[in-house]
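These notes concern the structure reproduced below.
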Protein chains: 2
Amino acid sequence: MRIGQLAQLVGVETQTIRFYEQQGLLPPPDRQDNGYRVYTEKHGEGLAFIRRCRILGLSLAEIHELQSYQDDPHQPCTAVNALLDDHISHVRSQITALQALEKQLVSLRASCNDDRGVEACGVLAGISEGNMHQQ
Amino acid sequence: MRIGQLAQLVGVETQTIRFYEQQGLLPPPDRQDNGYRVYTEKHGEGLAFIRRCRILGLSLAEIHELQSYQDDPHQPCTAVNALLDDHISHVRSQITALQALEKQLVSLRASCNDDRGVEACGVLAGISEGNMHQQ
DNA sequence: TTAAAACTATAAAGCTACTATAAGGTCAAT
DNA sequence: ATTGACCTTATAGTAGCTTTATAGTTTTAA
């Protein structure tokens, strides 16, 4: 199959596929005489793996790491689990930070209604004076 | 004061200050005969405002918008509040998305203990087979 | 006094994960 | 013959800095 079909199959853009190849995440496929890339089902699986990892928020570097584990199936999967644990704790700290941020924003927003001029705006004043009780 | 002192005062790197100037977020300061930038207290306040906005997660474009409101204090502050409301809802949807992601990651992680080879790893299998019940 | 350390300047590249644009070659159908 | 859809490479743009390179200036220590 050619790049456009693969792209449609997995739901990515063709440029993204070329990008992954260039980044070493997808093996370079064979070429037709005219230079067109020819993909196999294996490539489709590889690409789908990458996309699922991306949906899970893994970085390309982390995906690369996972691929290296896949290529060497004899080692224990401790490293895979550790990578995921790291990622989970990363996501959790993001959530915590965003929740704190939301609280701050809401309290800032509560300091002004819409019926003022900018010079009396509680929001701008709040930011300017720096009375942002940081966590 | 020179750029290094300003940087230390506000807690940013000197390059960041030059970057903000280049982006039009910080007015170009006067220069000494040797070309060194000379900052006033006003610059310090402006820079502190920018940093507080950044801590609140506002983009440079949004900060630019806020600055334009500051420069024109006669208009009502509806726009300021709208900007903040938008940002709050953005943060909230980020939180929701991350919480869904966390659930997914935790359930994936639960599909494997550490005592397997990579070829039997529940995590890798889970990603590969795509049994990720998406939201 | 001089040499090193610390500071300043500009310009350009690097980072992440793509997306978009440009300029062109290939192929099937009209 | 030419239109349209597809493919190729190379390059630039996105956000918000950070890093690197190269060079000039000031301050401090020997």
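All values derive from a computational prediction rather than experimental measurement. Proteins get letters first, then strands, A, B, ... in listed order; numbering begins at 1 in each.
For A:Gln23 and C:dT19, the CD to C1' distance is 14 Å, given to the nearest whole Å. A straight line from CD of A:Glu13 to P of C:dA20 spans 6 Å, rounded to a whole angstrom. When the C1' atom of C:dC18 is taken as reference, atom CG of A:Leu26 falls 15 Å away, rounded to whole Å. If you measure from atom CD of A:Gln15 to atom C1' of C:dT21, you get 10 Å, rounded to the nearest angstrom. Rounded to whole Å, atom P of C:dT26 lies 12 Å from atom CD of A:Gln32. Remark: P of C:dA6 and CD of B:Gln5 are 16 Å apart, rounded to the nearest angstrom.
Within the structure, every side-chain polar atom (N or O) of B:Arg37 is placed at least 4.0 Å from both OP1 and OP2 of C:dT8. Phosphate contact (OP1/OP2 of C:dC7, side-chain N/O of B:Thr14, threshold under 4.0 Å): absent.
Considering only residues two or more places apart in sequence or on other chains, B:Ser89 meets the side chain to side chain contact (heavy atoms under 4.5 Å, CB included) condition with none of them.
The span of DNA chain D lying next to chain B, judged by atoms under 4.0 Å from heavy atoms, is bounded 5' to 3' by D:dG16 to D:dT26.
Counting heavy atoms from C-beta outward, B:Leu83 and B:Glu62 have side chains that approach closer than 4.5 Å. The shortest side-chain heavy-atom distance between B:Phe19 and B:Leu60 falls under the 4.5 Å cut-off. Side-chain contact between A:Arg37 and A:Glu21 is present, with heavy atoms from C-beta onward closer than 4.5 Å.
Environment of CD in A:Gln5: crowded, with over 12 heavy atoms of neighbouring residues, nucleotides or ligands closer than 6.0 Å.
For the atom pair CD1 (A:Ile50) and CZ (A:Arg52), the distance works out to 11.0 Å, reported to the nearest 0.5 Å.
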* Are B:Asp86 and A:Arg109 close enough, and set up right, to give a salt bridge (charged side-chain N to carboxylate O under 4.0 Å, His left out), and what steps lead you there? -> CA-CA 11 Å; B:Asp86 276 2; A:Arg109 178 62 179 85; over 6 Å; no
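With hydrogens and angles left out, the side-chain atoms of B:Arg54 and B:Tyr20 include no donor and acceptor closer than 3.5 Å.
Distance alone, capped at 3.5 Å, is enough to place a donor-acceptor pair between the B:Ser111 side chain and the B:Gly122 backbone.
Nucleic acid contact class of A:Arg18 (heavy atoms, under 4.0 Å, all strands): base.
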What does the list of N/O pairs under 3.5 Å between the protein and nucleotides 13-17 of chain C look like, with a distance for each?
| unit_1 | atom_1 | unit_2 | atom_2 | d |
| --- | --- | --- | --- | --- |
| C:dA17 | OP2 | A:Leu60 | N | 3.3 |

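Nearer to the 5' terminus of DNA chain C, by closest-nucleotide assignment, is the contact made by B:Arg2 (compared with the other of B:Arg2 and A:Ile50).
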